[in-house]
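Reviewing the structure listed below.
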Amino acid sequence: MQPAGDIPGVVVCRLLLRGSDRKITYQNADVDCAFVGALSSGFCNWRIDFTYANTNNRIYRTSRGRTHSECKIDPMRNNSSQTLPRYGKACAHLHVNGVRRVSQCHHITK
């Protein structure tokens, strides 16, 4: 893994949501690497953000994670329970050195 933020191979961002309707009771995002190169140094200067968008794909809320200067092979972040004001989608985004590298979204519908 190059500390400059280049991500070779396959990187999967997983977003786990629990709840009902627009109420989210548990929210967790983590990153899984499907290549050996990331196991040596991991992701450096990373953060995970959560975004929430309406059904027109307009983002109305962002929960920005803190930037971690240490290198990790398995970045993870939880977010607090909440009730969303509208239907749409919830997403998690991994940023490395300030650049969005991978995202995962779930649609929140009736």
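Along the sequence shown, residues carry numbers from 1. Predicted model only: the values in this text are computed from it and were never measured.
Annotation for R100 and S103: closest pair CD-OG, 3.3 Å, computed over non-hydrogen atoms. The two residues R47 and G65 come nearest to each other via the heavy atoms CD-O, 3.4 Å. Scanning all heavy atoms of the two residues, the minimum distance from T67 to N45 falls at CG2-C, 4.1 Å. Considering every non-hydrogen atom in both R77 and D49, the closest pair reads NH1-CA, 3.9 Å. The minimum heavy-atom distance linking Y60 with R86 is given by the pair CG-NH1, 3.1 Å. Here the closest heavy-atom approach between residue N79 and residue S63 is recorded as OD1-OG, 3.4 Å.
The side-chain contact (heavy atoms from CB on, under 4.5 Å) check on R61 picks up Y52, Q82, L84, P85, with sequence neighbours excluded. The side-chain contact (heavy atoms from CB on, under 4.5 Å) test applied to I59 returns T51, A53, T62, not counting sequence neighbours.
The stretch residues 84-110 participates, sequence neighbours left out, in no ring-ring contact (aromatic ring centres under 6.0 Å, His included) pair at all.
For the atom pair OG1 (T83) and CZ (R22), the distance works out to 7.5 Å, reported to the nearest 0.5 Å. For the atom pair CD1 (I48) and CD (Q104), the distance works out to 12.0 Å, reported to the nearest 0.5 Å. Atom SG of C91 is separated from atom CG of N57 by 7.5 Å, given to the nearest 0.5 angstrom. Atom CG of N54 is separated from atom NZ of K89 by 10.0 Å, given to the nearest 0.5 angstrom. Rounding to the nearest 0.5 Å gives a distance of 7.5 Å between CD of Q27 and OG of S80.
Linking ILVMFWY residues whenever their side-chain heavy atoms come closer than 4.5 Å, directly or via other members, leaves F50 and L94 in distinct clusters. Under a hydrophobic-cluster definition in which Ile, Leu, Val, Met, Phe, Trp and Tyr are linked whenever side-chain heavy atoms come within less than 4.5 Å, directly or via other members, V102 and L15 are assigned to different clusters.
Remark: side-chain polar atoms of N56 are not paired, donor with acceptor, to backbone N or O of R58 under 3.5 angstrom.
At a threshold of 4.5 Å between non-hydrogen side-chain atoms, the residues K72 and F43 do not count as touching.
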